[in-house]
Amino acid sequence: MDLRRPRNGTSIGRMACVLLACLLLAACTRVTLYGDLEERQANEVFAVLLAADVNAEKRTSLSKTGWEIRVDKGDFSHAMQVLQARGLPRQQYVSMCDVFKKEGIASSSVEEKARYICSRQQELARTLSGYPGVVDARVHIALPDRDPLGGDVGHSSAAVVIFQQPGANLENLQTRIKTVVKDGIEGLDDINKVSVEFVPMPGAAVTANVPQRQSAAPAAMSAANAMSIGIGLGVLALLGLVWAAWGRLRQRRVQRAGDGGGIWNG
């Protein structure tokens with residue numbers, strides 16, 4: 001009767017192999033989309049992907065210096081399209097204090113001018129990027145050199161490029177944008193010296209509808225979220241324990257039946 005024990009052990013071993021295979025399969029279906037992001041960048045990317053029904057995961061990066069976003073392999077292409085249309089992850093702008101930070105004792109006039117222009121461009125771009133419907137903004141400033149003898153110099157000018165979200169129409173804000181840029185640049189007195197160009201983000205038509213996925217087994221597995229995988233593994237583990245307990249109970253019944261059969265009741 002003890003010959004039944006290897007069969008129970010074999011069943012438990014098979015169940016353990018199934019659990020291990022599920023764990024390995026769940027780990028292999030995810031790939032890193034972005035890594036070493038700041039927490040604000042990671043939160044923006046994570047929220048947009050969840051809103052687009054992309055199975056995403058946010059966790060600490062392997063380098064421990066930031067955050068990384070992981071998605072299922074089947075969602076990788078769609079996730080990149082969604083983030084590209086929204087301009088994410090956003091560029092981290094340098095503040096004016098960082099730009100004007102001096103590394104040496106003294107700076108030349110060229111360095112001071114370059115720091116000023118860079119800071120103005122960054123500050124104005126950050127302001128314009130906060131407008132509703134704006135994915136990103138670029139501001140390019142041209143400032144003439146001052147004449148040390150007090151003569152006439154050229155006129156200041158600025159060029160603004162607005163990257164707008166899919167479906168957004170921001171051309172009615174052109175005058176407001178020109179006014180903000182003009183008032184933010186020293187020596188720029190003519191609003192007509194500010195040019196504004198609106199550029200729609202590429203891939204807008206693709207992100208309007210979620211692309212249909214094929215009904216293949218890898219795609220179906222990639223659609224399962226982490227909670228579903230955890231529940232499935234828990235159910236498998238519970239079934240394994242029930243099967244092992246039932247096998248032991250059945251073995252005891254067989255042993256008892258064998259012992260009782262040897263008694264003569266003549």
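Sequence positions, counted from 1, serve as the residue numbers for this chain. Since we're looking at a predicted model, the values are computed, not measured.
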Do any pairs count as a side chain to side chain donor-acceptor pair (under 3.5 Å) and have a residue in residues 35-45, sequence neighbours left out, and if so which ones? Asp36-Ser61, Asp36-Ser63, Asp36-Thr65, Asn43-Lys58

Check the pair Leu62, Thr32 against side chain to side chain contact (heavy atoms under 4.5 Å, CB included), reporting the backbone distance first and the verdict last. CA-CA 11 Å; Leu62 297 178; Thr32 301; over 6 Å; no

Assigning hydrophobic clusters by single linkage (Ile, Leu, Val, Met, Phe, Trp, Tyr; side-chain heavy-atom cutoff under 4.5 Å), is Leu33 placed with Val54? yes

Hydrophobic clustering (ILVMFWY, side-chain heavy atoms < 4.5 Å, transitive) - are Leu124 and Val196 grouped together? yes

Below 4.5 Å, heavy atoms only, C-beta onward: do Leu170 and Tyr131 meet side chain to side chain? no

Spatial distance of atom CZ (Phe46) from atom CZ (Arg70) [nearest 0.5 Å]: 13.0 Å

Value rounded to 0.5 Å, distance of CD in Glu197 from CD in Glu171: 10.5 Å

Show the nearest heavy-atom pair for residues Ala137 and Ala125, with the distance to one decimal. O-CB, 3.5 Å

Between atom CZ of Arg86 and atom CG of Leu49, what is the distance when rounded to the nearest 0.5 Å? 10.0 Å

When every non-hydrogen atom of Val139 is compared with those of Gln121, the smallest separation belongs to O-CG, 3.2 Å

Just do the salt bridge (charged side-chain N to carboxylate O under 4.0 Å, His left out) check on Glu123 and Arg120 with the steps written out, would you? CA-CA 5 Å; Glu123 292 295 328; Arg120 288 290 84 195; 5.4 Å; no

Check the pair Lys113 / Asp145 against side chain to side chain contact (heavy atoms under 4.5 Å, CB included), numbers first and verdict last. CA-CA 9 Å; Lys113 179 181 178 180; Asp145 294 329; 2.4 Å; yes

Side chains of Phe163 and Val134 in contact at under 4.5 Å (non-hydrogen atoms): no

As a quick check of understanding, evaluate side chain to side chain contact (heavy atoms under 4.5 Å, CB included) for Asn55 and Arg30, giving each step before the final call. CA-CA 10 Å; Asn55 184 19; Arg30 288 189 177 273; 3.2 Å; yes

Met80, Leu50: one ILVMFWY side-chain cluster at the under-4.5 Å cut-off? yes

Is it possible for you to say whether Tyr34 and Val82 belong to one hydrophobic cluster, with membership spreading through side-chain heavy-atom contacts below 4.5 Å? yes

Gly133 versus Ala168, closest heavy-atom pair with distance: O-CB, 4.1 Å

Which value, rounded to the nearest 0.5 Å, describes the distance between Ser195 atom OG and His140 atom NE2? 9.5 Å

Side-chain polar contacts of residues 174-191 - donor-acceptor pairs under 3.5 angstrom, sequence neighbours left out - could you list them?
from   : atom 1 : to     : atom 2 : distance (Å)
Thr179 : OG1    : Thr175 : O      : 2.9
Asp190 : OD1    : Asn192 : N      : 3.0

Working to the nearest 0.5 Å, report the span between CD1 of Ile162 and CZ of Phe198. 6.0 Å

Quick one: does Pro144's side chain get under 4.5 Å of Ser156's, heavy atoms only? yes

Identify the two heavy atoms, one from Ile69 and one from Ala56, that lie closest to each other, and give their separation to 0.1 Å. CG2-CB, 4.4 Å

Scanning both residues in full, the closest heavy-atom pair of Val135 with Gly87 reads CG1-CA, 3.1 Å

Are any non-hydrogen side-chain atoms of Asp136 and Arg90 less than 4.5 angstrom apart? no

Could you give the distance from CZ (Arg138) to CD (Gln122), rounded to the nearest 0.5 Å? 8.5 Å

